[in-house]
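Worksheet: one structure, shown below.
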Amino acid sequence: MTTRVRFAPSPTGYLHIGSARTALFNYLFARNTKGKFLIRVEDTDRQRSTEESLSSILDGLKWLGFAPDEEIVFQSNNADKHRLAAFKLLEEGKAYRDFTPKEDRSEKDIKRDIADRARKQGDKKDMRDNKYRELTKAESDSKAEAGEPFAIRLKVAETGKTSFEDAVYGPQERDYADIEDMVLLRSDGHPLYNLAVVCDDLEMRITHVIRGQDHLTNTHKQILIYEALGEEKPVFAHLPLILAPGGKKLSKRAHGEIVSMDLYREKGFIADAFRNFLALLGWSPKDENEILNHDQLIESFSFDGINRSNAAFNFDANNPKRWTDDKALWMNAEYIRTMPLDELIPLVREELRGEKLWREEYDEEEKRWFEETIDLIRERFYTLKDFSEQGRAFFSEDFDYDPKAINKNLKKHPDLREWLPELAERLEGLDDFTHDGIFAAVKSLCADKETKVGVILNGARVLLTGQAVGPSMVSAIEQLGKEKTVMRLKSQVAWNE
RNA sequence: GACCGGUUCGUCUAGGGGUCUAGGACACCGCCCUUUCACGGCGGCAACACGGGUUCAAAUCCCGUACCGGUUACCA
């Protein structure tokens, strides 16, 4: 049997980092088992669903590389089938009409409202106390015919329990007494989540339902629906949640853009690296190598590598250097400096284009120079943004000097004001403008001035690149070329900043 | 409140009765390399929530407590 899994986002916002990981695990499982990965858009909440949200989610999935194997299913298109299922259960006596007037819930604080009420009820609540539950068929029919509005609720048995074996959490049980007669169909004819999910998963022939742990208790309700429908249930695998630092809920409201996948693309993450990081949040491979590319992730993925406890996404909103999880940043840097150059170049090209730093020559007569430059400067970069920011001086005359670099490496050694132009002169007269020739010139200047090589090179770095850090400076000088090097070393602009 | 999950270094995690004086990764710190640095190499710091059992032996099994999370809608 081929496995079939689905990722089922509801288009009511951005692509949450936790949803992205759910999509990832579904995708990995599908590929690992040579099955199908499907996408179902759960757009039945018409008030909250938007086009923008949908395209943002789809874009995010595309960026991560999770293309669906079949056409995307829109849940709202299946409403008729859901209704049919509800009426079938009603017909068979497995569900009943509830004529209780619909309550008006104020949009605000619904969740708190519900929790408060539940707290008051304590454990005394009888889940079967609906007075319409035992109405005879004739009574129910006549009320319905008279035009009285009704919702359809599932008739959950008085005693017994649901049980299933979760592929991650193991055996699960829940007593019927703890499950209410949930509404299947709203009084306005609108099918509800649990019914819709079950019907669609059946229709799509889903074999494994892989989703967040927040659905663990829902699963029992859905099992009741599978049973009422007389259908086989799929395998369930629930995933631990991704929490904010301190173990609190991670939300856009409280934590901002950091929860949205869009941000990572904008900030210069490489999809491969981010996928790798995401996979390690709640899952771990058998051996100790944590750097796993797309194919390696697929190959090593399995449910028993999934951890059962929630993971905290670690970042510090007050520290720009730690705007997101350290490990994610490190992972991205690792990919940038080790991935094949021909895979990196197109990504850098996009970045430079976006910042108006790209020149067509980089693909033609200056291709070689460009590749060498990228290979040189990528060594200490963390994101693709660094190519256009810290690396800007390699592609443009219009770059800024980092004030910290000026103070630390220039102004602390006032002599550099004379020494660096002198270095420029010496380099200008150099026939052999290669690494060794440049280094020899630097060393002889150091000897003459009785200073350390580091002082000269650090100072030169500021004037040449505007930065305090970077790759081997001698190589950088060679890469920049004589003309630019001489010009920048003679410039006094930085001294006046 | 009730029900359901969870709890190993700061963070992500390995481990599921003896091999655990608890392994790896990130971060942090030190040293080395070097021509400076956010590269690299080597090393260090640092954890089994707590209390009871069971057992010759418990991070691992059982019970309780605490804390955290989820669910508790005519939302998804």
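Below, read A as the first sequence line, B as the second, and so on, with proteins coming before strands; counting in each chain starts at 1.
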Pick out the pairs of N or O atoms, protein on one side and nucleotides 19-24 of chain B on the other, that lie under 3.5 Å.
unit_1 : atom_1 : unit_2 : atom_2 : d
B:G23  : O2'    : A:E288 : OE2    : 3.3
B:G24  : O4'    : A:E288 : OE2    : 3.2
B:G24  : N2     : A:E290 : OE2    : 3.0

Which nucleotide, if any, forms a Watson-Crick or G-U wobble pair with [N], using both distances under 3.5 Å?
N	answer
B:G43	B:C29
B:C61	B:G53
B:G69	B:C4
B:G16	none

At a heavy-atom distance below 4.0 Å, what parts of residues 275-284 of chain A sit against RNA chain B?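 Within residues 275-284 of chain A, the residues near RNA chain B are A:L280, A:L281, A:G282, A:S284.
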Interatomic distance where CG belongs to A:N332 and P belongs to B:C26 [whole Å]: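 After rounding, the gap between these two atoms is 15 Å.
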Hey, could you give me each pair passing ring pair (Phe, Tyr, Trp, His ring centres under 6.0 Å) that has a residue in residues 432-474 of chain A? Not counting sequence neighbours.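 Of all non-adjacent pairs touching residues 432-474 of chain A, none passes ring pair (Phe, Tyr, Trp, His ring centres under 6.0 Å).
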Contact pattern, 5' to 3', of nucleotides 37-50 of chain B - B, S or - by protein heavy atom under 4.0 Å: BBBS----------
Return a single string for nucleotides 66-76 of chain B, one symbol per nucleotide in 5' to 3' order, where B is base contact, S is sugar-phosphate-only contact and - is none, cutoff 4.0 angstrom on heavy atoms. --SSBSBBBBB
Check: residues 450-462 of chain A side-chain donor-acceptor pairs under 3.5 Å, at least two apart:
unit_1 : atom_1 : unit_2 : atom_2 : d
A:R461 : NH1    : A:P471 : O      : 3.2
A:R461 : NH2    : A:P471 : O      : 3.2

Answer yes or no: does a side-chain N or O of A:N307 lie under 4.0 Å from OP1 or OP2 of B:A14?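 Checking B:A14 against A:N307, a side-chain N or O does come within under 4.0 Å of OP1 or OP2.
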Salt-bridged, A:D188 to A:R186, with N to O below 4.0 Å?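 Answer for the salt bridge query: yes.
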